[in-house]
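Note that the numbering runs from 1 along the sequence shown for the chain. Both counts, for ligands and for their atoms, begin at 1 and track the order of listing.
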Amino acid sequence: MVNESRFHCYFGPGEAPRVVRAPGRVNLIGEHTDYNDGFVLPIAIDRQMRACVRPRADRLVRVRSIGADGEGRADLDAPVEPGEPRWANYVLGVIEGLRRAGAPLRGADLLLDSTIPTGGGLSSSAALTVATALAMRLAGGEGRGPWPEGMALARLCQHAEHAFAGTPCGIMDPSIVLLARAGAAMLLDCRTGEPRHVPLADPGVVVLVCDTQVRHELNDGGYAARRAQCESAAAKLGVAALRDAGARQVEACGSLTDVERRRARHVVGEIARTVEAAAALQRGDYAAFGRLMDASHASLRDDYEVSCGELDAIVEAAAGREGVYGARMTGGGFGGCAIILARRDAADAVADAVASHYQAAYGRRCPIFATRPAAGASVVG
Ligand code: ADP
Ligand code: MG
């Protein structure tokens, strides 16, 4: 992981840098509900982005990453524009957002390092934007000026991705990365931005994260098409967003095309499942939670059509195994990761079985790690 001597290698000797961390996340349930004003239920994971930061005497920000080539630069006295290298645009977008918000920024050198796979649906991008915001605050001197916090900061980070990276990410990613609590999932109402922490502190339960290593691009057509189909379904149903539609209304509406009906059916069902799942978690009913995960996967596969063979293979390999509560794809789909909620004492055996099934079916590895709900972004030292 990134450390002081590495920082000095990149940026030269001097004062020791300060360090912040921002976790990745997985969404336990509530998929493709965020842009329909629905609910999501993510946790932060044990994988994280670290940022070392040291203030500079001038108005320049320089950013390097151990995981990526090139150096991003911004001059704090002029509007910041996106450029090359592209990965640095996430950082520049946050800096521009903070600048516009009137935050008291100082020049700084930033070095990033991450254990979150990139582009795998574990939100390395939100970890990057949130870590940047916290690092810039540290460099600027905490408490001396209007620093956006909480949901306002999450929105700023979301906007940075939209405007500077061209990724239409939802509010979930920066919110959970910023606001997560260890030992809890977070039910987030994407309409109001209201978060509610729901305990998932049982040491006997883990989440297995299984990476298909199939990489999706959120700005690909599949995602945009789903959003458009949801919008047209909502318009035909006469509601502001699919959050406001009921299951019977969706089935009864004569003007929906077959595709729109199936998309709407998924979203409306998924929002109900997510709220139910939070209630199941609250009472420690992991079996009920797991059944909702299974139903979510089936709906994403059949009605929303965003799964793929690799994700289905993982879910099928996990289904019904000793110690497995439930399994589903997570994230936007078309690749990325699947998750399995499992008993801790069975987790190794489950992971082995899923990995060998995947290897046999696809002739390549499926990296799997176990995680428990981690804390949101913080200052390390
Ligand atoms: P996800 O958020 O699911 O990991 P995204 O496509 O939203 O996938 O974001 C991945 C992008 O974030 C990368 O292409 C890169 O631009 C940026 N990124 C993530 N981690 C790093 C890192 N350690 N160093 C530099 N850029 C990173
Ligand atoms: Mg992302």
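- Which parts of ligand 1 touch L128 is read off a 4.0 Å heavy-atom cut-off, strictly below it: atoms 17 (C), 18 (N), 26 (N), 27 (C).
- Among the backbone and side-chain atoms of S125, an N, O or S atom lies under 2.8 Å from the Mg ion (ligand 2).
- For the atom pair CZ (R301) and CD (E305), the distance works out to 11.0 Å, reported to the nearest 0.5 Å.
- By heavy-atom distance, the residue among S65, A51, G119, A131 lying nearest atom 25 (C) of ligand 1 is S65.
- Counting heavy atoms under 4.0 Å from ligand 1, residue M49 touches it through the side chain alone.
- Contacts of V61 classified as side chain to side chain contact (heavy atoms under 4.5 Å, CB included), with partners at least two apart in sequence or in another chain: A74, L76, I95, M136.
- Residue G120 has at least one heavy-atom neighbour below 4.0 Å for each of these atoms of ligand 1: 3 (O), 4 (O).
- Within ligand 1, counting atoms from 1 as listed, the ones closer than 4.0 Å to a heavy atom of S114 are 23 (N).
- A donor-acceptor contact closer than 3.5 angstrom is absent between the side chains of T115 and R47.
- When each atom of ligand 1 is checked for a heavy atom of P117 under 4.0 Å away, the hits are 4 (O).
- Atom numbering of ligand 1 starts at 1 in the shown order; those under 4.0 Å from a heavy atom of A68 are 25 (C).
- The side chain to side chain contact (heavy atoms under 4.5 Å, CB included) test applied to A295 returns R273, not counting sequence neighbours.
- We find that R265 and E270 are not joined by a salt bridge, their nearest charged nitrogen and carboxylate oxygen being 4.0 Å or further apart.
- Under 3.5 Å, the side chains of H297 and D312 contain a donor-acceptor pair of N or O atoms.
- Remark: ligand 1 and S125 share an N or O pair separated by less than 3.5 Å (distance only, no angle test).
- In this structure the side chain of H8 reaches within 4.5 angstrom of the side chain of R54, judged on heavy atoms.
- For S124, a nitrogen or oxygen atom sits less than 3.5 Å from a nitrogen or oxygen atom of ligand 1, counting backbone and side chain alike.
- Between the OG atom of S65 and the CD atom of E71 there is a distance of 12.0 Å, given to the nearest 0.5 Å.
- In this structure, L112 falls outside the shell of residues with a heavy atom less than 4.0 angstrom from ligand 1.
- Aromatic ring centres of Y35 and H32 lie closer together than 6.0 Å.
- Atoms of ligand 1 found under 4.0 Å from any heavy atom of G121, numbered from 1 in the order shown, are 3 (O).
- Comparing D113, L122, T118 by heavy-atom distance to atom 13 (C) of ligand 1, the nearest is T118.
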